[in-house]
Protein chains: 4
Amino acid sequence: MAATSVTSHTPPALAPRRRPKERPAELLKAALGVFASKGYAATRLDDIALKAGVSKGTIYLYFANKEALFMAAIEAGITPLVEAVEALSLDEERPSPERLRAFMLSWWSRIGDTPLSALPRLLVAEGNNFPKAAQWFHDEIVTRVQRALARLIETGIARGELRAVEPMVAARILFAPMFAYLVWRETFGQTLCHLPPPEQFFGLAADLLLAGLVRP
Amino acid sequence: MAATSVTSHTPPALAPRRRPKERPAELLKAALGVFASKGYAATRLDDIALKAGVSKGTIYLYFANKEALFMAAIEAGITPLVEAVEALSLDEERPSPERLRAFMLSWWSRIGDTPLSALPRLLVAEGNNFPKAAQWFHDEIVTRVQRALARLIETGIARGELRAVEPMVAARILFAPMFAYLVWRETFGQTLCHLPPPEQFFGLAADLLLAGLVRP
Amino acid sequence: MAATSVTSHTPPALAPRRRPKERPAELLKAALGVFASKGYAATRLDDIALKAGVSKGTIYLYFANKEALFMAAIEAGITPLVEAVEALSLDEERPSPERLRAFMLSWWSRIGDTPLSALPRLLVAEGNNFPKAAQWFHDEIVTRVQRALARLIETGIARGELRAVEPMVAARILFAPMFAYLVWRETFGQTLCHLPPPEQFFGLAADLLLAGLVRP
Amino acid sequence: MAATSVTSHTPPALAPRRRPKERPAELLKAALGVFASKGYAATRLDDIALKAGVSKGTIYLYFANKEALFMAAIEAGITPLVEAVEALSLDEERPSPERLRAFMLSWWSRIGDTPLSALPRLLVAEGNNFPKAAQWFHDEIVTRVQRALARLIETGIARGELRAVEPMVAARILFAPMFAYLVWRETFGQTLCHLPPPEQFFGLAADLLLAGLVRP
DNA sequence: AATGAATGAGCCTTCATTCAT
DNA sequence: CATGAATGAAGGCTCATTCAT
């Protein structure tokens, strides 16, 4: 009837499972996992589809293209990360040194030791290729943690518990061990690079830094 | 046709002629630059060839394939980094607190503030895809810095200048601000993320951490 | 809650409800429109479904596949075209020159100036990919118009009104302006290609051609 | 060394033949052939590459993408077509009726009966999808033929050989049989649609139309 | 009957790799 | 040594087709 090669489509084979409402979230979760593990360019949509238990074409029912999926996955990762950051221990009743120590430890248990920890390394890796995403991550997460720490320090100074230091700079410094420990573990693996256990690391970090912060 | 003397007088002309001996090094430099900026998968050999002022085929005269070029570029970046690390200030004569402060500042001026700073971020980004390279970088660089710091601390403890802390763990903690500051600047840019100037940052970092280390 | 009578009074509402019997025809109409506008390969079933106000899957309730839909759309277009051709002015009473002129003008008003005009161009475009359809169109439409013209000429010759020419060849020649005008307008647009208005074009065409046909 | 699936390229196999200077023209010729036969959307770059004796990737060394190749192929087809049109018989010495007849016949031998004849049908088919190309074709070819015919008619009128008719409209009408015969043959095939031989067709067409044009 | 989510083959496009010059 | 034309495998994306609901 028709010319050769103009029409020649073969039908699907296996039965599809339908969960339209959950699909986007499942896809985003799978996407974030693969992106975080391989990076943007090395990730094939096939991998994501496979991980999500879905065919490649399904992705395009929910996302315009690879980049849109990436950005959405970042967003889907940032949201709970923001929540986790906001939930970090900030008990105002306790003295400042205790609060700082608790903040560090709760950072680890609520973020560092969870799947949320994949995001920071991903954004460090893709920061150059996706400046918008990097900026966004910085504004939403890094800045937020830093501000929480800075407020904690300011309160401590106001209460006379801490020395008068520049709060935003000190906050960066307090944040550095938290960030570095997480990135190291994500990049090199806990054991491969002989990272001390988190309790020991954050315990000593708090000891050392607080000694400098606390008013004699 | 013309008198021999006439033509033979024409000088060797402006023939600076490329020096094949330097080719590999030029390629590696270009490669490291592009890899560090875009990551492994997003880097095209065309880009590297263009940056090196060479044709794409030339790369294959010196390297077996993209991966070999990548590994060689990493190696070519690690070597001067190791040298820079070894050259970090370790003046044994001065008291320990001064030595630590000097170490931090010389880290910044000799590494953080130089093109060498591109490498750590690249390896954080590609750690998952090239575990061998990551391990290698960790062993050669991270461990080396850490050991230098640990030795410094051990000496300080032995001299009675510093409190008795676990040197390797304390070294990690001291290294964290150095590492974090560098990664932040590479990823988000000095100004975009409102990073304090290095002197202020490392100055306060040394103050705080030393307060915890120094024996009262 | 509310009185039964109140709610039960609400009328059967505005439920004009689709009439499944007309579905296939609506689909064919939509299909022909899109196929004619974009060609077979560039047409997506989505477009057709959208235009028909139906979901994509519905198409498969009535047609085996895209090709079957295409052929059916062609057929659905050919049928009224055949009818229109058969209805073209053939008043045997009038003298042959008048009959020819009337034939041309009624071609334009009954076919050229209606949606039926989309079909010829579509078949010119897809003739190579769908030779069966092309042959079919030619046999049903082109040949029919030609035969009508040829009969008209034969009668005129028999009556002594027209010169003795090969009727089938002369018919082709008379058909050429009709066909060309239609294709030009469909392809380039009436105004974009500065086509003269149909009355002028067909008037002059009839003048010129009849001068050659009519017996001096 | 590297992570699985990050790098896994296999080398080419067969020896490439190098004719860089002739490549673009070969590609354009092959492309025009396939596009004209199947239409834009149904044409696969593989087909073109195969026909040009080249691999698919080679196309992208010379053309940005499928559409650019299409437009370039059109252009490559239009150029010789314009030349052929300009070379159509316009011998001013002979009387106008002879000139018109010669014009028609030379149209057929120089264009209709050559590979150049593929282009008009292609542009009729793709006119809706590529309006720019259609407009271009119309301005370059259709208008040019029409103007040549119109000038011929004007001269004939000025010489008193032809009746006073609107030259541009009459030109369209004279062009119609030429255009229609070509499109019919391209679409339905010479024999399949019982097209009379060109000499007979154009001979009678000239007879009929000239009878209307020539001054009694 | 109708829907629309899901599928997967296929096509355009890229790019690491090769090789004749 | 160096080039750059050529290759072809792979990946992003589309869309005809199916099927559970």
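Each chain gets a letter, A, B and so on, in the order its sequence line appears, and its residues count up from 1.
- Along DNA chain E, the nucleotide closest to A:I59 and the one closest to D:T43 are compared, and the more 5′ of them pairs with A:I59.
- The structure places CG of B:L81 at 13.0 Å from CD of B:E75, a figure rounded to the nearest 0.5 Å.
- In this structure, D:F70 atom CZ and E:dT13 atom P are separated by 14 Å, rounded to whole Å.
- Nearest-nucleotide positions on DNA chain F place A:A64 closer to the 5' end than the other of C:A64 and A:A64.
- In this entry the distance linking CG of A:D46 with C1' of E:dG8 reads 10 Å, nearest Å.
- When each of F:dT7, F:dA2, F:dA16 is scored by its nearest atom to the side-chain atoms of C:K66, the top-ranked nucleotide is F:dA16.
- Residue A:L45 is classed as a sugar-phosphate contact, given heavy-atom separations below 4.0 Å to backbone atoms only.
- For E:dG10, the paired nucleotide is F:dC13, the pair qualifying as Watson-Crick or G-U wobble because both relevant distances are below 3.5 Å.
- When all heavy atoms are compared, the tightest approach of C:Y60 to C:K66 is OH-N, 4.5 Å.
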Decide yes or no on side chain to side chain contact (heavy atoms under 4.5 Å, CB included) for A:V34 and A:K51, but give the supporting numbers first. CA-CA 8 Å; A:V34 185; A:K51 187 166 186 178; 3.7 Å; yes

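- Side-chain proximity of B:L61 to the nucleotides F:dC13, F:dT3, F:dA16 is greatest for F:dT3.
- Note: CD (A:E26) to C1' (E:dA5) measures 13 Å, nearest angstrom.
- Between B:F63 atom CZ and F:dC1 atom P the separation is 12 Å, expressed in whole Å.
- Comparing F:dG12, E:dC11, E:dA16 against the side chain of D:R44 picks out E:dC11 as the nearest.
- Distance, D:L69 CG to E:dC11 P: 16 Å, rounded to whole Å.
- OP1 and OP2 of E:dA6 both lie 4.0 Å or more from every side-chain N or O belonging to A:S55.
- Checked by distance alone, B:K56 brings a side-chain donor or acceptor within 3.5 Å of a matching partner on the base of E:dT17.
- Of all nucleotides present, only F:dG8 satisfies the Watson-Crick or G-U wobble test against E:dC15, with each distance under 3.5 Å.
- Rounded to a whole Å, the CZ atom of D:R23 is 13 Å from the C1' atom of F:dG4.
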For the pair A:V54 and A:R23, evaluate side chain to side chain contact (heavy atoms under 4.5 Å, CB included) and give the outcome as yes or no after the intermediate values. CA-CA 9 Å; A:V54 144; A:R23 268 292 133 70; 3.4 Å; yes

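- OP1 or OP2 of E:dA2 has at least one side-chain nitrogen or oxygen of C:Y62 nearer than 4.0 Å.
- Pairing for E:dT3 goes to F:dA20, judged as Watson-Crick or G-U wobble with the two contacts each under 3.5 Å.
- The side chain of D:Y60 contributes an N or O atom lying less than 4.0 Å from OP1 or OP2 of E:dT13.
- Closest heavy-atom contact between B:S37 and A:N129: O-OD1, 4.1 Å.
- Between F:dT3, E:dT17, E:dT7, one nucleotide has an atom nearer to the side chain of B:T58 than all others, and that is F:dT3.
- With respect to the salt-bridge test (charged N to carboxylate O, under 4.0 angstrom), the residues C:E26 and C:K29 do not qualify.
- Place B:G57 and D:E67 on DNA chain E by their nearest nucleotides, and D:E67 ends up nearer the 5' end.
- In this structure, the CG atom of A:L50 is 14 Å from the P atom of F:dG12, given to the nearest Å.
- Per the geometry, CD belonging to A:E22 stands 14 Å off C1' belonging to E:dA5, to the nearest Å.
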